[in-house]
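Encoded as structure tokens, the structure appears first; notes follow it.
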Amino acid sequence: MESRRTSRATLVRDLVAIGFPETTEADRRQVEMIADGLSALTESMALGHLEGRYPDLEECVDVLMAFSRGYLSLLPRRADS
């Protein structure tokens, strides 16, 4: 359980580092939800690969990247963009 919390905290820090805000409690909840979702997706895809349902690991990575494009749309736009 502790390693899961550590992994989640690291992922939250990474998401904040790429620009997700953490100013308000709502911001923090959103970034934590994204981290939890990414962890669940990754775990599910990894289990599917190990169980043989998803034999092509590159295909798994491609699907995870497609999900990532979705949550990245939640990043606030920078003024210089």
Residues forming a side chain to side chain contact (heavy atoms under 4.5 Å, CB included) with Ser39, sequence neighbours excluded: Leu11
Residues Tyr71 and Ile34: closest non-hydrogen pair is CD1-CG2, 3.7 Å
Pairs meeting criterion salt bridge (charged side-chain N to carboxylate O under 4.0 Å, His left out) with involvement of residues 41-60, two or more places apart: Arg4-Glu43, Glu51-Arg53
If you link ILVMFWY side chains whenever their heavy atoms are less than 4.5 Å apart, which other residues fall into the same cluster as Leu41? By chain and number, please. Met45, Tyr54, Val63, Leu64, Phe67
If you take all heavy atoms of Leu38 and Ser68, which pair is closest and at what distance? CD2-OG, 4.3 Å
Under the 4.5 Å side-chain heavy-atom rule for ILVMFWY, direct or indirect, which residues accompany Val61? Met65
For Ser3, check side chain to side chain contact (heavy atoms under 4.5 Å, CB included) against everything at least two apart and list the hits. none
Sequence neighbours left out, what pairs pass salt bridge (charged side-chain N to carboxylate O under 4.0 Å, His left out) with at least one residue falling in residues 28-42? Arg8-Glu32, Arg8-Asp36, Glu22-Arg28, Arg28-Glu32
List in chain and number order the residues that pass salt bridge (charged side-chain N to carboxylate O under 4.0 Å, His left out) with Arg5, two or more places apart in sequence or in another chain; answer none if no residue qualifies. Glu2
Do the side chains of Val16 and Arg13 get nearer than 4.5 Å, heavy atoms only? no
Among residues at least two apart in sequence or on other chains, which ones pass side-chain hydrogen bond (donor to acceptor under 3.5 Å, both in side chains) with Thr24? Asp27
Side chain to side chain contact (heavy atoms under 4.5 Å, CB included), paired with Val31, selected from Asp14, Val12, Leu74: Val12
